[in-house]
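These notes are about the structure you will find just below.
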Amino acid sequence: MRGVQLCDLARSILGDRYDFAVQYVPNLGKLGLEAAWIALQPRGTVYIFVKDTVDRFSPEGLVRLRDRAAGTALDYIDRHLHLMPPQGIDLHVSASVSGVQAMKDRIARVSGTDEAIEGDVVRLLHGVDRRIHDLAKARQDRLRPVYLGSLHIPTIPPDIEQRMTILDATTTQKMTENFRAVAGHNFHYAVRQPKTWPGIRGRKPFTKGFTAAVLGANILTHADEDDALPLLGSTYPYMAPSTDHDAIRQVFARAERTFGGPEWQRALSQTARLAELVAPKAQAAELEAIVRRLLS
C-alpha cells in the first residue's frame, strides 16, 4: 500500500514533471529470470524499492540494475537495518525521523570493513492512508478514545480497553472495512507491546500519530515509541513514560481530567504540526527531492 499510495500522490502533484508507475517484481531468483528481467528494463529510470521487494534481486542483480538505471533507492519503512544491501542502492530511505540517524550510524559503523554499505540516507515520512484525509474530523464534545490497527500489536489496560472503540486493521481488507469508523474520535491510542528486538532493528514510523493529527485528534503514546519524542517533544502531556499499565492509566486519567481545557488545546496544537509534515504537498516535496537527487 505504501508504494501504490505514494505513486498515486506523486502522479496527482508531480505528474506534470515525471512519469510515475508501480511495477510488481516476481521472484526473479526462483524463476531464473533475473538477468532477462533486468535487460528488459528501460535505461535512465529511477527505481524505488519498497521494503522487502529488494530481496527479489541477488546482490549482483542489484548492482546491474543500478548501473542500468538513473538511480536506485530503497524505502525501508521498518525493515531491519542489518539487511541494508552493501551495494546497488544509491539512497537509503527512512520512513521515520529516528530511522535517519539509525541508518547513518549503521553505515558509519561498518565503514572501511568488508560489510561497508554504499549510498546516502534520506527521509520520506510514512504518512497516513490517503483515505483518512477524506474523513470527518474529531469531535470535541467529550473524550472519544479509539484504537485503529493490528489487534496483536498494542498493550491496553483491560479497564481502558472497555471504554475504547477498537477498530481492527490487521489486514488490508480489515482496514478497508473499518477505517471510516475512526472518524469523529478525538483520542487515538498508540502503545505497542514491549518487545525484545534482534540485533539491529528497524525504526517504526509514527503512522498512528500522523493519523490522529490529520483527523484533528490527540494521541496517547509512550516515550519509547521511536518517533513519539522526536515529533511531539517532551512537553506533550499524553505521553506515558513506559508501556507499564499503571503509567498508561495515569495518562488516560490526565486526558479525562484536562479534556477541552488549555492543556488539551496545547496538545492539539502539537499534534497539528504532525499533520503539516505529512500533508500531500509535503510528502510530494520529499519524494521529488529523492527523484531529483537520483537524476542529477
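Heads up: numbering here begins at 1 and tracks the sequence. Nothing here was measured: the structure is a model prediction, and the numbers come from that model.
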When you measure from the side chain of [X] to the backbone of [Y], do you find a donor-acceptor pair of N or O atoms at a distance under 3.5 Å?
{"X": "His133", "Y": "Arg130", "answer": "no"}
{"X": "Glu263", "Y": "Thr258", "answer": "no"}
{"X": "Asn27", "Y": "Lys30", "answer": "yes"}
{"X": "Arg68", "Y": "Gln41", "answer": "yes"}
{"X": "Gln87", "Y": "Val63", "answer": "no"}
{"X": "Asn186", "Y": "Arg139", "answer": "yes"}
{"X": "His92", "Y": "Glu118", "answer": "yes"}
{"X": "Thr271", "Y": "Asn218", "answer": "no"}
{"X": "Glu286", "Y": "Leu125", "answer": "yes"}

Distance-only donor-acceptor check, side chains Glu34 and Ser58, under 3.5 Å: yes
For residues Gln270 and Thr235, is any side-chain donor paired with an opposing acceptor at under 3.5 Å?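 Distance-only check passes for Gln270 and Thr235.
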Please verify the inter-ring angle class for Tyr238 with Phe187; under 30° counts as parallel, over 60° as perpendicular, anything in between as tilted. perpendicular
Met175 and Leu148: side-chain contact (heavy atoms from CB on, under 4.5 Å), yes or no, with the steps? CA-CA 8 Å; Met175 176 67 174; Leu148 171 67; 4.3 Å; yes
Ring centres of Phe49 and Phe57 under 6.0 Å apart? yes
Centroid separation Tyr189 to Phe252 less than 6.0 Å: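 When the ring centroids of Tyr189 and Phe252 are compared, they turn out to be at least 6.0 Å apart.
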Would you mind telling me which of Asp227, Asp78, Asp226 makes a salt bridge (Lys or Arg N to Asp or Glu O under 4.0 Å) with Lys204?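 Of all the options given, the one that passes is Asp78.
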Criterion side-chain contact (heavy atoms from CB on, under 4.5 Å) on Val93 and Arg123, from CA distance to verdict: CA-CA 5 Å; Val93 180; Arg123 189 187 82 176; over 6 Å; no
